[in-house]
Every structure is written in structure tokens, then in C-alpha cells.
Number of protein chains: 2
Amino acid sequence: MSRTEQVVPLTATTRESILAAAQRLFTERGFDGTSLRQIADAVGTTKAAVYYHFPAKEHLLLELTRPWLDAMSALVTEIRSSERDGCDAESTLAAYLDLFVEHLPVLHMLTGDPATANHPDIGRRARTLVDSIQQRIAGPEPSDTRLVRAACALGVVHSVATLSIDLVSTHRNAILQAAVDALSDG
Amino acid sequence: MSRTEQVVPLTATTRESILAAAQRLFTERGFDGTSLRQIADAVGTTKAAVYYHFPAKEHLLLELTRPWLDAMSALVTEIRSSERDGCDAESTLAAYLDLFVEHLPVLHMLTGDPATANHPDIGRRARTLVDSIQQRIAGPEPSDTRLVRAACALGVVHSVATLSIDLVSTHRNAILQAAVDALSDG
DNA sequence: GTCTATAGGCAGATAGAC
DNA sequence: GTCTATCTGCCTATAGAC
């Protein structure tokens with residue numbers, strides 16, 4: 001995080017290897033379904049070594065999800081600061097889609113895990129942030145119809161989790177268009 | 001299942017209470033995150049009593065998901081039997097949406113649990129069935145664009161999981177329209 | 001049909017050597 | 001910074017009384 005921001009080091013540190021293994025295993029088996037033993041084995045180390053780098057299993061999850069949650073917070077803050085016009089639902093949808101695509105691996109891990117969904121600093125926080133975005137997209141004092149359409153539009157965005165990153169990248173505009181269409185009418 | 005098909009008995013049996021509690025807890029905490037102890041306590045009985053009715057924890061999940069999986073199988077079979085025309089994507093989408101709405105509680109339980117996603121008789125089977133439906137919607141030999149649109153259309157359908165049953169019921173046609181629009185172009 | 005009691009295992013976490 | 005060894009507790013599942 002300090003000076004080698006987005007750069008992947010040539011030699012991954014033990015700490016980074018642990019995080020990478022944890023993300024992969026949490027995605028495959030869920031948080032509860034993954035033991036520290038499995039993470040340690042995947043890295044080729046021991047449970048105690050994991051505990052040297054992280055004070056608890058939970059902190060692996062917090063560390064993995066923080067970048068995405070912080071990006072979501074920034075987006076919501078930005079949305080709120082430019083709250084005068086109510087007609088830029090499309091740009092909000094675009095920003096949300098791009099943020100979703102950028103953090104796809106983390107989201108893939110989260111979307112399928114009730115163990116994280118009820119965690120106050122992860123699932124609860126995420127739902128609050130997504131709700132803020134949904135409200136912004138639906139607009140002020142939305143009708144039921146408008147609420148349903150906003151949910152459909154987010155449903156389109158979330159569907160990228162089922163597609164390959166390649167397909168999402170090359171068809172980003174088509175997906176955004178589908179989301180915008182879902183928000184408008186037929 | 002036999003003659004009291006959809007009827008809820010006035011006095012729920014212990015077995016039915018166990019299934020109901022399991023569904024609620026699995027939804028809230030996931031399969032791995034729910035212990036038999038918690039299920040037994042919720043019903044007001046003991047772990048051993050649960051084991052009298054079900055041979056293993058896994059069977060609670062199998063029993064809960066079988067109605068939906070069987071309904072999905074029936075839909076896929078029906079789709080395949082009328083395979084000549086490739087232009088009824090809309091009716092397939094409608095059937096899928098209605099099936100999704102009908103089994104919403106079970107789906108709400110499943111969509112958030114990696115423990116079930118990798119179960120061969122549940123998650124794997126479900127993915128196979130959803131894939132069949134997605135292929136049917138995309139049509140024969142689909143382009144990448146068409147594949148992405150089919151995924152977006154299913155994304156709209158799946159978004160009903162985030163809405164109340166009331167809202168979904170009253171706006172079913174609007175949701176279907178949004179799904180159809182996502183499948184077509186903007 | 002439902003209970004008590006318990007087996008047997010593995011989880012998360014800690015202490016302290018090196 | 002990483003190890004071995006171990007603690008404590010809860011888990012699924014079983015055996016057998018009632």
C-alpha cells in the first residue's frame with residue numbers, strides 16, 4: 001500500500017501469498033468452509049505462520065475486501081457531493097459498473113457467502129453502499145415501478161459476475177446499455 | 001408431497017418444523033455457519049431428534065432444494081422437447097422468471113452459499129440447468145454479443161431476489177419486459 | 001419418537017523454542 | 001519470522017435408555 005501501490009512484486013511475500021490463497025479458497029468454499037489449515041497448506045506454511053501475519057482469520061477477509069469497500073465509499077461520497085441534478089443515473093450506473101468490473105475477483109468471493117453478508121464491516125457496509133447507489137439511480141421519491149427498474153438495472157450490472165473478464169471487458173458498453181435500458185422503459 | 005400437496009397443516013410436525021428452521025437459518029448464516037445444535041434449539045428439540053428424522057445434515061439441504069430443482073428439470077425438459085423454433089426466448093424467460101418467483105425463499109437460501117454451490121446434487125445440478133436455460137435464451141450458435149445479452153437478461157430475472165415478494169408480484173410484467181429488453185438491443 | 005451421554009475429530013487460537 | 005506443541009471448545013454423528 002505504501003509506495004509499491006498497484007505493483008505486483010516479482011517475489012511474493014509470505015503475507016501476500018497467504019492473502020492470495022485465502023481469496024482463492026474463500027471464493028471456492030466460502031469463509032466458513034475454509035480452514036486456516038487449508039490456507040496454510042496451500043501456501044506451504046503452517047497455521048502459526050498465518051497467525052504471525054494476521055491476528056485472526058477474520059482479518060484476512062477484512063484486508064481482502066477493504067480496497068473494494070473504500071472504492072464504493074468514494075463513489076457514494078462523490079455521488080452525494082454532486083446531488084443537485086437528478087438526471088445522471090446513466091453516469092452513476094457506468095461508474096458502478098466499472099467499479100464492479102475492477103473488483104470482480106473480490107466480488108465473486110463475496111456474493112456467495114452468508115458468513116460475510118452479515119459481517120457489520122463487510123456485508124452490512126456493502127449493502128448500505130449499494131442501497132445508496134440504488135437510491136441515486138432510482139432518483140428522488142421514486143415510484144414502485146421506478147424502484148423495480150432500478151433493481152433490474154443493478155441486476156444487469158451484477159450479472160457480469162457470471163461472465164468471463166474478457167467478455168465483460170470487450171462488451172462493457174453493451175452491458176451498460178442493457179442496464180440503462182432496464183432502467184428506462186420498454 | 002403425497003396428497004396434501006401445497007397445503008400447510010394446521011399443526012406442523014416436528015419434521016416440518018425442523019425443515020422450516022433449517023431453511024431460515026441456512027438463509028441467514030449459510031449451511032456451514034449453521035450447526036445442528038442451532039437448528040434443534042430453534043425448534044425446541046435436540047440434535048438427536050433431528051438425526052431421527054434426517055440421516056445427516058446434508059439431507060436437510062437436499063430435501064429443501066429438491067422441489068425447485070425438479071421444477072427446473074421439468075422446465076428444461078419442456079424446453080428441449082419443443083426445440084424446433086428458436087424465437088420463443090421471451091416465453092422461456094417468462095417461465096424462468098415465474099419459476100424463480102415461485103421458489104424465491106429456496107433461491108434466497110442458495111444464492112448466498114458456496115457450501116451448496118459445489119454440492120454435485122445441488123449447486124452443480126442447478127448450474128447445469130441454468131446453463132441450459134441460458135443457452136436456450138441465447139439461441140443456437142450465439143455470438144459473444146448475444147451471450148452477453150442473455151446473461152444480462154438472466155441478471156434482470158435474478159434481481160428479483162433483492163425485491164420484496166409483493167413488489168415482484170405486482171410488477172412481474174415490468175420485470176419480464178426489462179429482461180426481454182436486455183436480451184434485445186438498445 | 002425422543003432423550004442423555006459420549007465418541008472422535010478438527011476448528012481457531014496461544015505459548016514459547018529457535 | 002517461522003516453527004512445534006498444545007489448549008479449549010464446538011462440531012457431526014452414534015449408542016443405547018426410556
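None of the values given here were measured: they were computed from a predicted structure. For the numbers below, each heavy atom of this structure counts, side chains included, while hydrogens, waters and symmetry mates do not.
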Per [X] side chain, nearest of listed nucleotides [options]:
X	options	value
Thr46(B)	dT2(C), dA13(C), dC3(C)	dC3(C)
Tyr51(A)	dA15(D), dT2(C), dT14(C)	dT14(C)
Tyr52(B)	dC11(D), dG1(C), dG1(D)	dG1(C)
His53(A)	dT2(C), dT2(D), dT6(C)	dT2(D)
Arg37(B)	dA11(C), dC11(D), dT14(C)	dC11(D)
Lys57(A)	dC3(C), dG12(C), dT6(C)	dG12(C)
Leu36(B)	dA13(C), dT2(D), dA13(D)	dA13(D)

Check the phosphate of [N] against [X], side-chain N and O only, distance under 4.0 Å to OP1 or OP2. Yes or no?
X	N	value
Ser35(B)	dC11(D)	yes
Thr14(A)	dT2(D)	yes
Thr45(A)	dC3(D)	yes

Salt bridge present between Asp121(A) and Arg66(A) (N-O < 4.0 angstrom): no
Side chain to side chain contact (heavy atoms under 4.5 Å, CB included) evaluation trace for Val130(A) with Met72(A): CA-CA 8 Å; Val130(A) 172; Met72(A) 287 275 286; 3.6 Å; yes
Ring centre gap for His158(A) and Tyr96(A) strictly below 6.0 Å: yes
Interatomic distance, [X] [atom1] vs [N] [atom2] [rounded to whole Å]:
X	N	atom1	atom2	result
His59(B)	dT12(D)	NE2	P	16 Å
Lys47(B)	dG1(C)	NZ	C1'	18 Å
Phe54(B)	dT12(D)	CZ	P	15 Å
Glu58(B)	dC11(D)	CD	P	19 Å
Asp32(A)	dC10(C)	CG	C1'	14 Å
Ile18(B)	dT2(C)	CD1	C1'	10 Å
Arg29(A)	dA11(C)	CZ	C1'	15 Å

DNA chain C: 5'-proximal contact among Pro55(A) and Gln38(A) (nearest heavy atom): Gln38(A)
Single hit among Thr116(B), Leu110(B), Ile39(B), Asp113(B) for side chain to side chain contact (heavy atoms under 4.5 Å, CB included) with Phe26(B): Ile39(B)
Pair Arg37(B), Thr46(B): side-chain N/O donor-acceptor within cut-off below 3.5 Å: no
